[in-house]
Each structure stands twice: as structure tokens, then as C-alpha cells.
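Structure record follows, encoded as C-alpha cells.
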Amino acid sequence: EPWKEEAAGWRWRSFASYLESRSSFDADGHRRALPNNGRFTSWSLNFFGERALGPRWSASAFLPVQASRLKDDLGHSGWYSLGDVYGWARYRMDEFKGMRPALAAGIKAPGTYRTVSGIGDGQVDLELQGFLAKTFDERHYVSLNSGFRFRTGSPSNEIPYGLQAGWAPSERLLLVPSLSGVRGIGGGVQKDFLGAGLSGFWTLSGPWRLFGSYQKIVLGKHPAAADIGSVGVTY
């Protein structure tokens with residue numbers, strides 16, 4: 001959502017996610033079935049928290065705990081792991097013609113998972129992104145983001161990008177369709193993808209909300225062709 005926390009305010013989100021993939025995209029962007037009739041699934045319990053350090057600065061972190069399984073004609077294996085851990089610092093700039101710009105610097109530390117068909121790459125990432133949000137009225141907003149991500153290891157550096165459009169058809173319901181993706185640049189293995197999703201927030205009482213989302217990776221180079229569903233609570 002658009003930034004609107006006051007100094008010393010905070011928010012958090014806890015949610016469970018389910019990911020399933022039976023295919024991946026190759027280096028040319030063609031969809032290929034996983035080897036040996038494979039099927040990869042992963043359950044994840046996710047925690048996100050953000051703290052406003054002042055009227056302009058905030059710090060946030062994301063931590064997932066995963067239970068994964070790979071099954072094919074040769075057998076199956078399962079494992080528990082810590083997913084990629086993220087941390088960000090965000091700075092809110094002055095409003096400009098009704099738009100709210102912000103900058104965010106982030107770091108990703110790799111988790112303890114196995115790398116399977118483009119799901120996680122096990123390396124450190126550094127990124128800088130810009131955000132621009134425009135609220136039209138109490139029921140509609142649009143948010144854009146893009147930037148640069150430096151990736152260590154074999155993957156190429158990336159340009160991440162995203163678009164969200166918030167619509168509140170009632171006082172308690174907020175719907176957020178979105179597009180998000182990355183574009184590899186420079187040397188290394190490109191891990192391009194484009195995902196389309198829809199999220200919904202249902203207000204319970206005060207700041208409490210139920211949260212649900214669905215996202216599908218629709219094209220790319222080297223990522224899994226995954227479907228991801230999530231459900232949880234926000235505050």
C-alpha cells in the first residue's frame with residue numbers, strides 16, 4: 001500500500017504460502033516440463049515487519065520458513081529450510097504534484113534451501129529501488145517501482161519492476177491487481193520473469209486485516225513456471 005506510517009509506527013504481515021511447479025522456462029523462454037515427470041511443491045510460513053524510524057525513514061525485514069518436496073519418476077525427497085532473508089531501509093521524499101516518491105535500499109541473504117528448477121539461487125543480492133504512489137481518492141491508488149539489483153554468483157544483475165493498482169469496492173475490502181518482474185542485464189545467467197497477481201485485504205477490526213493473494217509466473221528465462229497462493233493476517 002502507499003506509505004502512510006507516522007514516526008514510531010509499525011506494521012507487520014504473517015502469512016502462509018503454497019508454491020507448485022511442474023515446469024520451468026529455459027534460456028529461450030520456452031516452457032519445459034521438469035525432468036522425469038517432476039513436481040516441486042513448497043509450503044512457506046512468512047513474516048514481514050516494518051518500523052517507521054521517523055517521519056521519513058523506515059526499516060523492514062522479511063523472513064520465510066519453508067517445507068519443500070520434489071517428486072518424480074525416480075523417487076521423492078523433502079526438506080525443511082530457511083528461505084531468502086531480506087532487509088530494507090526506505091526513505092520517503094517530499095510529495096510532488098500529489099505523488100509520493102520513496103527510495104529503498106535492500107540486501108538479501110541466501111537461505112538454506114536446495115536450488116530446484118530456478119527457485120532460489122543461494123547468493124547475496126544488493127538493490128536500490130524507487131517507488132512512486134498516487135492516491136486518487138479514498139478508494140483508488142496506483143504504485144510503480146523499479147531500480148537495480150546487484151547479484152553475486154552466477155546470475156546476472158537485474159532491473160526489477162512492478163505495478164500495483166489498489167481499488168476498494170467497499171469500506172472493508174481492498175483489491176490489488178499487480179504485475180511484477182525482473183530483467184537480467186550484463187553477464188551471467190539471466191533469471192528473467194514476469195508474474196501477474198491479485199491480492200485482497202478484508203478489514204476485521206481496527207488495523208487488523210485478513211490477507212489473500214494468488215500469483216502466477218507467466219513467462220521468463222530460467223525461472224520455475226510456478227503458481228503461488230498465500231493467506232494470512234496483516235496489522
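Basis for what follows: all heavy atoms, side chains included, without hydrogens, waters or symmetry-related copies. Not measured: the values here are computed from a predicted model. Nothing fancy with the numbering, it's 1 onward along the sequence.
Within a 6.0 Å sphere centred on NE2 of H140, other residues, nucleotides and ligands contribute more than 12 heavy atoms. Enclosure of atom OH in Y80 is not indicated, since only 12 or fewer non-hydrogen atoms of other residues, nucleotides or ligands lie within 6.0 angstrom. Remark: Y235 OH is loosely packed, at most 12 non-hydrogen atoms of other residues, nucleotides or ligands lying under 6.0 Å away. Within a 6.0 Å radius of CD in E95, other residues, nucleotides and ligands contribute more than 12 heavy atoms. The number of heavy-atom neighbours closer than 6.0 Å to CZ of F96, taken from other residues, nucleotides and ligands shown, is 12 or below.
Between V142 and W167 there is no side-chain heavy-atom pair separated by less than 4.5 Å. F148 is listed as a side-chain neighbour of N157, based on a closest heavy-atom distance under 4.5 Å. The shortest distance between side-chain heavy atoms of R69 and W79 does not fall below 4.5 Å. Put simply, the side chain of R149 reaches to within 4.5 Å of the side chain of V182, judged on heavy atoms. In this structure the side chain of R39 never reaches within 4.5 angstrom of the side chain of L34, judged on heavy atoms. The shortest distance between side-chain heavy atoms of L126 and T152 does not fall below 4.5 Å. Residues V233 and L210 have side chains in contact (heavy-atom distance under 4.5 Å, counting atoms from C-beta outward). Contact of the M93 side chain with the L103 side chain is registered, since non-hydrogen atoms from C-beta on lie closer than 4.5 Å.
Each of F15 and V85 belongs to its own hydrophobic cluster when Ile, Leu, Val, Met, Phe, Trp and Tyr are linked at side-chain heavy-atom distances under 4.5 angstrom. L19 is not connected to F193 by any chain of hydrophobic side-chain contacts under 4.5 Å among Ile, Leu, Val, Met, Phe, Trp and Tyr, and they are in different clusters. V218 is connected to Y161 through a chain of hydrophobic side-chain contacts under 4.5 Å among Ile, Leu, Val, Met, Phe, Trp and Tyr, so both are in one cluster.
In this structure, a donor-acceptor pair under 3.5 Å is present between the side chains of S68 and S42. For the residue pair Q123/S154, the side-chain donor-acceptor check at 3.5 Å is not satisfied. Between the side chains of Q190 and S156, not a single donor N or O lies within less than 3.5 Å of an accepting N or O. The closest side-chain donor-acceptor pair between D84 and Y113 falls under 3.5 angstrom.
In this structure a side-chain-to-backbone donor-acceptor pair under 3.5 Å is missing from S60 to G49. Judged by distance alone, the side chain of R92 and the main-chain N or O of P55 form a donor-acceptor pair under 3.5 Å. The backbone N or O of T203 sits less than 3.5 Å from a side-chain atom of R172, completing a donor-acceptor pair. No donor-acceptor distance shorter than 3.5 angstrom exists from the side chain of Y214 to the backbone of A196, with no hydrogens or angles considered. Formation of a donor-acceptor pair under 3.5 Å by the N36 side chain with backbone atoms of G38 is not found in this model. For T135 (side chain) and D137 (main-chain N/O), no donor-acceptor pair under 3.5 Å exists by modelled atom type. Side-chain atoms of D192 come within 3.5 Å of backbone atoms of G184 as a donor-acceptor pair (strictly under, hydrogens ignored). Using modelled atom types, one side-chain atom of R139 and one backbone atom of A168 make a donor-acceptor pair closer than 3.5 Å. Side chain of D72 to backbone of L74: a donor-acceptor contact under 3.5 angstrom is found.
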Would you please test Q164 and Y141 for side chain to side chain contact (heavy atoms under 4.5 Å, CB included) and show each step?
CA-CA 8 Å; Q164 292 185 348; Y141 78 85; 3.6 Å; yes
Test side chain to side chain contact (heavy atoms under 4.5 Å, CB included) applied to Y18 and T41, step by step
CA-CA 7 Å; Y18 176 73; T41 58; 3.3 Å; yes
Would F25 and I217 count as a side chain to side chain contact (heavy atoms under 4.5 Å, CB included) here? Give the steps.
CA-CA 10 Å; F25 296 99; I217 306 301; 4.2 Å; yes
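To the nearest 0.5 angstrom, R90 atom CZ is 11.0 Å from Q129 atom CD. Note that the CG atom of L132 and the OG atom of S143 stand 7.5 Å from one another [nearest 0.5 Å]. To the nearest 0.5 Å, atom CZ of residue F48 and atom CG of residue L63 are 12.5 Å apart. Distance OG/S23 to CZ/R31: 4.5 Å, rounded to 0.5 Å. Distance check, rounded to the nearest 0.5 Å: CG of L163 to CG of L179 gives 5.5 Å. To the nearest 0.5 Å, atoms CZ (F47) and OG (S14) are separated by 5.5 Å.
K108 has no carboxylate O lying under 4.0 Å from a charged side-chain N of E127, or vice versa, which leaves the two without a salt bridge. Between D94 and R56, at least one side-chain nitrogen of the basic residue sits less than 4.0 Å from a carboxylate oxygen of the acidic one, meeting the salt-bridge criterion. For the pair R151 and E158, the salt-bridge criterion is met [side-chain N within less than 4.0 Å of a carboxylate O].
When all heavy atoms are compared, the tightest approach of V124 to P110 is CG2-CD, 3.9 Å. The two residues G200 and L175 make their nearest non-hydrogen contact at CA-CD2, 4.2 Å. Closest approach of P64 and N46 over heavy atoms only: CB-OD1, 3.3 Å.
Judged by a 6.0 Å distance limit and a 45° cone about the ring axis, R13 is positioned over the six-membered ring of F211.
Considering F201, W202, W12 as possible partners of W208, the one that fulfils the ring-ring contact (aromatic ring centres under 6.0 Å, His included) test is W12. Exactly one of S180, S199, S230, S17 qualifies for a side chain to side chain donor-acceptor pair (under 3.5 Å) with Q215. That residue is S180.
Annotation: W88 is not in aromatic contact with F62 [ring centroid separation under 6.0 Å not met].
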